[in-house]
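Have a look at the structure below, then the notes.
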Amino acid sequence: MGDTNGQVVAVGNGHGNRLDQLNYPTNVLIDKETDSLIICDRNNRRVVRWSRRSGTIQGEILIDNIRCYGLAMDDQRYLYITDTNKHEVRRYQIGDKNGTIVAGGNGEDAGLNQFNFPTYIFIDQQQTVYVSDRNNHRVMKWNKGAKEGIVVAGGQGKGNALTQLSYPQGLFVNTLGTIYVADSDNDRVMRWPKGAKQGTVIVGGNGKGAGANQFNYLCGLSFDQHGNLYVVDHWNNRVQRFSIE
């Protein structure tokens, strides 16, 4: 905290497909058990693990031949990955290459058992899977073992009304089931309480731009334990932090 310069913790050798390179990484999580980073190496169609121990010079491939985008891990250390080519979410045990479909997998469309370009995911303590169904402009919730999902935000077509989303991406769900979503093309973060038919704008929504209360295409978001919100402001090439009551 307070550093003005970052530190490279994985790779830094330009883009490519060697084991010491990445190509368009979209998501990362920390596996505390093995003190390593798990990275969605999207354009190399693989998920790699990179040890945080000093002296690490290359990663190892956990899963290959997957057009991954989002990653999440549950309390039992199952790994959940979205595949934007197959329009599905799979759950993997670490070391398992095949995984099990837990959401989608029924082709590209807008049915309740389908996705159209799923991106970010969030897993709660009941292994409920929340998915930003980007090109369907909605957030879906799949209860454990369900054959279809429930629309919990958006789903009213692309737009900027409080009932709508436009290419939703980053996702966070608190213990009350309140959803926070990066409404990327509307340049705003929205909060949708559990069961709500519309959301509220908590930051942004002031048009596209580089001001302190503006964004230019939102991607990921996250909260820290103090309730601060961190937002990846893609085309402004910055990460912004907000205090949310």
Open item on the list: side-chain contact (heavy atoms from CB on, under 4.5 Å), that's the test. Do Asn160 and Arg188 meet it? Break it down for me.
Closed with: CA-CA 10 Å; Asn160 62 6; Arg188 64 190 184 184; 4.3 Å; yes
Open item on the list: Please evaluate residues Val89 and Ile81 with respect to the criterion side-chain contact (heavy atoms from CB on, under 4.5 Å), reporting the C-alpha separation (whole Å), side-chain torsions for both, the decisive distance (0.1 Å), and the verdict.
Closed with: CA-CA 5 Å; Val89 180; Ile81 307 172; over 6 Å; no
Open item on the list: For Tyr69 and Asn27: C-alpha separation, side-chain torsions, deciding distance, then whether side-chain hydrogen bond (donor to acceptor under 3.5 Å, both in side chains) applies.
Closed with: CA-CA 7 Å; Tyr69 202 106; Asn27 219 239; over 6 Å; no
Task: Intermediate values then yes/no, ring pair (Phe, Tyr, Trp, His ring centres under 6.0 Å), His137 and Tyr167 - done: CA-CA 5 Å; His137 314 291; Tyr167 301 108; 4.7 Å; yes
TODO: Could you give me the CA-CA distance, side-chain angles and deciding distance for Arg42 and Thr84, then say whether side-chain hydrogen bond (donor to acceptor under 3.5 Å, both in side chains) is met?
DONE: CA-CA 10 Å; Arg42 179 168 170 76; Thr84 58; 3.0 Å; yes
TODO: Begin from the C-alpha positions of Ile38 and Leu79 and carry the test side-chain contact (heavy atoms from CB on, under 4.5 Å) through to its verdict.
DONE: CA-CA 10 Å; Ile38 297 177; Leu79 192 58; 4.3 Å; yes
Open item on the list: Walk me through whether Lys194 and Leu176 qualify under side-chain contact (heavy atoms from CB on, under 4.5 Å).
Closed with: CA-CA 7 Å; Lys194 188 175 183 177; Leu176 300 174; over 6 Å; no
TODO: Walk me through it: do Arg77 and Asp31 pass the test salt bridge (charged side-chain N to carboxylate O under 4.0 Å, His left out)?
DONE: CA-CA 8 Å; Arg77 293 188 69 244; Asp31 180 10; 2.6 Å; yes
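Atom NZ of Lys141 and atom OG1 of Thr128 lie 6.0 Å apart (nearest 0.5 Å). Rounding to the nearest 0.5 angstrom, the gap separating the CG atom in Asn116 from the CD atom in Glu108 is 4.0 Å. Between Gln169 atom CD and His234 atom NE2 the span is 9.0 Å, to the nearest 0.5 Å. Atom CG of Leu165 sits about 13.0 Å away from atom CZ of Arg134, to the nearest 0.5 Å. Expressed to the nearest 0.5 Å, how far NZ of Lys32 lies from OG1 of Thr34 amounts to 12.0 Å.
Centroid-to-centroid, the aromatic rings of Phe115 and Trp142 come within less than 6.0 Å. Ring centers of Tyr180 and Tyr120: at least 6.0 Å apart, outside the cut-off.
In this structure, the side chain of Gln156 does not engage the main chain of Thr163 through any donor-acceptor pair within 3.5 Å. Between the side chain of Asp96 and the backbone N or O of Gly99, at least one donor-acceptor pair lies under 3.5 Å. Checked by atom type and distance alone, the side chain of Asp3 never pairs as donor or acceptor with a backbone atom of Gly6 at under 3.5 Å. Here the side chain of Arg90 pairs a donor or acceptor atom with the backbone of Asn98 at under 3.5 angstrom. One N or O on the side chain of Asp74 and one on the backbone of Gln76 form a donor-acceptor pair closer than 3.5 Å. A donor-acceptor pair under 3.5 Å is absent between the side-chain atoms of Asn23 and the main chain of Asn44, judged by distance alone. Using modelled atom types, one side-chain atom of Gln21 and one backbone atom of Asn13 make a donor-acceptor pair closer than 3.5 Å.
Looking only at side-chain heavy atoms (C-beta outward), Gln114 and His87 stay at 4.5 Å or farther from each other. By the 4.5 Å heavy-atom criterion applied to side chains, Leu22 and Ile39 are counted as neighbours. Leu37 has its side chain within reach of Arg52: a pair of non-hydrogen atoms, C-beta onward, lies under 4.5 Å apart. The closest side-chain heavy-atom distance from Leu218 to Asp183 is not below 4.5 Å. In this structure the side chain of Asn113 never reaches within 4.5 angstrom of the side chain of Met140, judged on heavy atoms. Leu171 has its side chain within reach of Val139: a pair of non-hydrogen atoms, C-beta onward, lies under 4.5 Å apart. For the pair Ile150 and Leu112, the minimum side-chain heavy-atom distance is 4.5 Å or more. Between Val47 and Asp41 there is no side-chain heavy-atom pair separated by less than 4.5 Å.
Lys97 NZ: more than 12 foreign heavy atoms inside a 6.0 Å radius.
When Asn213, Val231, Asn228 are each tested for a side-chain contact (heavy atoms from CB on, under 4.5 Å) with Phe242, only one passes: Val231.
Here the closest heavy-atom approach between residue Asn17 and residue Arg46 is recorded as O-NH1, 3.1 Å. Annotation for Pro118 and Asp83: closest pair CG-O, 3.9 Å, computed over non-hydrogen atoms. Considering every non-hydrogen atom in both Ser51 and Ser36, the closest pair reads CA-CB, 3.8 Å. The two residues Gln214 and Asp233 have their closest heavy-atom pair at O-OD2, 3.8 Å. Nearest approach of Ile123 to Ala72, heavy atoms of both residues: CG1-CB, 3.6 Å. In this structure, Leu221 and Val181 approach most closely via the heavy-atom pair CD2-C, 3.7 Å.
Counted by atom type alone, Arg138 and Ser132 present zero donor-acceptor pairs between their side chains at under 3.5 Å. Side-chain atoms of Asn43 and Arg67 include a donor-acceptor pair closer than 3.5 Å. Side-chain atoms of Tyr230 and Asp224 include a donor-acceptor pair closer than 3.5 Å. In this model, no donor atom of one side chain and acceptor atom of the other lie less than 3.5 Å apart for Asn186 and Ser166. No hydrogens or angles considered: nothing links the side chains of Tyr78 and Gln127 as a donor-acceptor pair under 3.5 Å. Side chains of Tyr217 and Asp185: a donor-acceptor N/O pair is absent below 3.5 angstrom, by distance only.
Note on Ile121: it does not cluster hydrophobically with Leu29, by side-chain heavy-atom contacts below 4.5 Å among ILVMFWY residues. Hydrophobic cluster membership is shared by Val173 and Val189, with clusters built from Ile, Leu, Val, Met, Phe, Trp and Tyr side chains linked at under 4.5 angstrom. Cluster annotation: Val151 and Ile179 are assigned to distinct hydrophobic clusters (Ile/Leu/Val/Met/Phe/Trp/Tyr, side-chain heavy-atom contacts under 4.5 Å, transitive). Ile30 and Tyr80 fall into different hydrophobic clusters, where Ile, Leu, Val, Met, Phe, Trp and Tyr residues are linked whenever their side-chain heavy atoms come under 4.5 Å apart, directly or through other members. Cluster annotation: Ile61 is not connected to Leu71 through the hydrophobic network of ILVMFWY side chains, with a link wherever side-chain heavy atoms come within less than 4.5 Å.
Using a 30° and 60° split on the angle between ring planes, Phe172 and Phe223 fall in the tilted class, from 30° to 60°. The aromatic rings of Tyr130 and Phe122 sit perpendicular, their planes meeting at an angle over 60°, well past the 30° parallel limit.
The pair Arg45-Asp64 does not meet the salt-bridge criterion, since no charged nitrogen lies less than 4.0 angstrom from a carboxylate oxygen.
Applying the disulfide (SG to SG under 2.5 Å) definition to pairs two or more places apart or across chains, those involving residues 33-84 are Cys40-Cys68.
Contacts of Tyr92 classified as ring-ring contact (aromatic ring centres under 6.0 Å, His included), with partners at least two apart in sequence or in another chain: none.
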